[in-house]
Amino acid sequence: MRVLVTGGAGFIGSHIVTALKDRGHHPVVLDALLPAAHPAAPPLPDVEFLRADVRDSDAVRAALRGVDAVCHQAAMVGLGKDFADAPEYVGCNDLGTAVLLAEMAAAGVRELVLAGSMVVYGEGRYECPRHGVVRPGPRRTEDLAAGRFEPPCPDCGTALAPGLVGEDAPTDPRSVYATTKLAQEHLAASWARGTQGRAVSLRYHNVYGPGMPRDTPYAGVASYFRSALARGEAPQVFEDGAQRRDFVHVTDVASANAVALEAVGGMSAGTMTAYNTGSGEPHTVGEMASELASAYGGPAPVVTGEFRLGDVRHITADSARLRGELGWRPEVRFADGMAEFARSGQRASAGSVG
């Protein structure tokens, strides 16, 4: 299968290219190599490569010739610095996706796997002992400043028990980035209905692993901690470190993309299906920091009590649908992955992936 991988020179995209090659497919990479994403020239994959922006319709049209399916990874990632980043996020993520889908429609390419994100859910699943499953609103600045990090029941104020989120849960994006990722899914669903195409969105959890960009407000927390250790500094853990996340290794995410690309052609025409993509082993941010610091042999983490507006407290999703329907299984265990990440190199600071 000939697969166009947008953002294929980026952190996740480059691993997907490797996974596709290993499974006998023919990846073609389209990547703009924007300085914000690649301040230093990255190692280019040993495949067909087109340097162009996914918002360039002529370039996308050329890249789609002879392509059977598209793996869309090109996007600006993370929370960013402030709302001033909004136009760039919307331009990279949503306009870029719209251009790609329009050219796919014209070219007759009908199979898409999209890099989705668990951030579309907002806060995770919570249960109140009195009111059952509830959806807390955004956390208040005054509560966070006072060290009250757990969201209370919106009906009675009781402490809540966090759980796993399924794909059918309501979406509630809490940042510009999250909003653009949900918009990408809506665009893909509209494209699928309008063209009788088939689309999959893999809602990634916290992806980490070799080649992750360093020292950037756009990268994940694992990258921040690894960068601090490389400088001989203790990882700075926000809040109380008890935030629950699912840290999934980049090679497992790459294999999920390969499996989805091989399966999407057999799905119902005119549909888009979302799959949570995580390790299935939730850990706290504090646990991750401690595991990484121990494996690196560096300073122990410091819990600061600081916070970022827009961060959610707990988000761990159930990935059983991906396992059950497509047969995907993550292979890298948490401790093994953190030990490898502690020893692996990182990319130069990046503002986006793609």
Side-chain angles (χ1 to χ4, degrees), residues 10-15 18 40 42 77-80 117-119 124 149 162 164 177 204-256 276-308 310-317 319 330-353:
F11 166 47
I12 297 174
S14 60
H15 285 275
T18 298
V77 301
L79 284 178
S117 175
M118 53 80 189
V119 296
F149 301 121
L164 299 179
Y177 169 63
Y204 301 160
H205 279 262
N206 292 69
V207 185
Y208 74 97
M212 201 174 189
R214 64 174 181 264
D215 296 324
T216 165
Y218 302 90
V221 66
S223 172
Y224 266 126
F225 293 167
R226 174 65 175 76
S227 300
L229 290 165
R231 297 190 301 268
E233 300 172 2
Q236 304 291 298
V237 180
F238 280 11
E239 301 186 17
D240 59 358
Q243 311 93 302
R244 286 164 51 90
R245 298 290 188 269
D246 185 327
F247 299 98
V248 59
H249 196 273
V250 66
T251 58
D252 285 331
V253 169
S255 71
N276 293 330
T277 307
S279 72
E281 297 182 36
H283 291 273
T284 69
V285 172
E287 288 171 346
M288 186 272 287
S290 295
E291 190 76 32
L292 188 59
S294 176
Y296 190 86
V302 174
V303 177
T304 68
E306 296 179 48
F307 60 88
R308 292 194 309 177
D311 278 348
V312 298
R313 178 60 174 174
H314 304 295
I315 176 64
T316 54
S319 300
E331 296 183 355
V332 182
R333 301 300 298 266
F334 178 72
D336 296 335
M338 287 297 160
E340 179 204 29
F341 184 44
R343 297 187 300 266
S344 64
Q346 291 180 274
R347 293 177 178 230
S349 178
S352 63
V353 174

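Here the structure is a predicted model, which means the values were calculated and not measured.
For the atom pair Phe247 CZ and Glu287 CD, the distance stands at 9.0 Å (nearest 0.5 Å). Taken to the nearest 0.5 Å, the CG atom of Leu292 stands 8.5 Å off from the CZ atom of Phe334. Rounded to the nearest 0.5 Å, atoms OG1 (Thr316) and CE (Met118) are 9.5 Å apart. Interatomic distance, His205 NE2 to Thr277 OG1, rounded to the nearest 0.5 Å: 7.5 Å. In this structure, OG1 in Thr284 is found 7.5 Å from CD in Gln243, a value given to the nearest 0.5 Å.
Put simply, the side chain of Tyr204 does not reach to within 4.5 Å of the side chain of Val248, judged on heavy atoms. For the pair Arg226/Arg214, no side-chain contact is recorded, criterion being any heavy-atom separation below 4.5 Å from C-beta on. Contact annotation: the side chain of Asp311 never approaches that of Phe149 to less than 4.5 Å [non-hydrogen atoms, C-beta and beyond]. No side-chain heavy atom of Pro235 sits under 4.5 Å from any side-chain heavy atom of Val221. Side-chain atoms of Met212 and Val207, non-hydrogen and from C-beta on, never get closer than 4.5 Å to each other. Between Glu233 and Val302 the shortest side-chain heavy-atom distance does not fall below 4.5 Å.
The two atoms that bring Asn276 and Ala317 nearest to each other are ND2-CB, 3.4 Å, heavy atoms only. The two residues Ala222 and Phe341 make their nearest non-hydrogen contact at O-CE2, 3.5 Å. For the pair Ala234 and Ala228, the tightest heavy-atom approach, listed with the atom from each and the gap, is O-CB, 4.2 Å. Across every non-hydrogen atom of Val237 and Pro301, the tightest pair is CG2-CB, 3.9 Å. Heavy atoms only, all atoms of each residue included: Gly298 and Leu229 are closest at CA-CD2, 3.9 Å. Here the closest heavy-atom approach between residue Ala295 and residue Ala339 is recorded as CB-CA, 3.8 Å.
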Next on the checklist: Set out, in order, the CA-CA distance, both residues' side-chain angles and the distance that settles side chain to side chain contact (heavy atoms under 4.5 Å, CB included) for Met288 and Met338, then state yes or no.
Outcome noted: CA-CA 8 Å; Met288 186 272 287; Met338 287 297 160; 3.2 Å; yes
Checklist entry - Could you go step by step and tell me if Val285 and Phe238 meet the side chain to side chain contact (heavy atoms under 4.5 Å, CB included) rule? => result CA-CA 9 Å; Val285 172; Phe238 280 11; over 6 Å; no
Checklist entry - Taking it one step at a time, do His15 and Asp252 satisfy side chain to side chain contact (heavy atoms under 4.5 Å, CB included)? => result CA-CA 9 Å; His15 285 275; Asp252 285 331; over 6 Å; no
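Within the 3.5 Å criterion, the main-chain N or O of Gly286 finds a donor-acceptor partner in the side chain of Ser290. In this structure, Thr304 contributes its side chain and Gln236 its backbone to no donor-acceptor pair below 3.5 Å.
Ser279 and Asp246 are linked by a side-chain donor-acceptor pair at a separation below 3.5 angstrom, with hydrogens and angles left out of the test.
Ring pair Tyr208/His249 is perpendicular by interplanar angle, where above 60° counts as perpendicular and below 30° as parallel.
Within 6.0 Å of CD in Glu281 there are more than 12 heavy atoms belonging to other residues, nucleotides or ligands.
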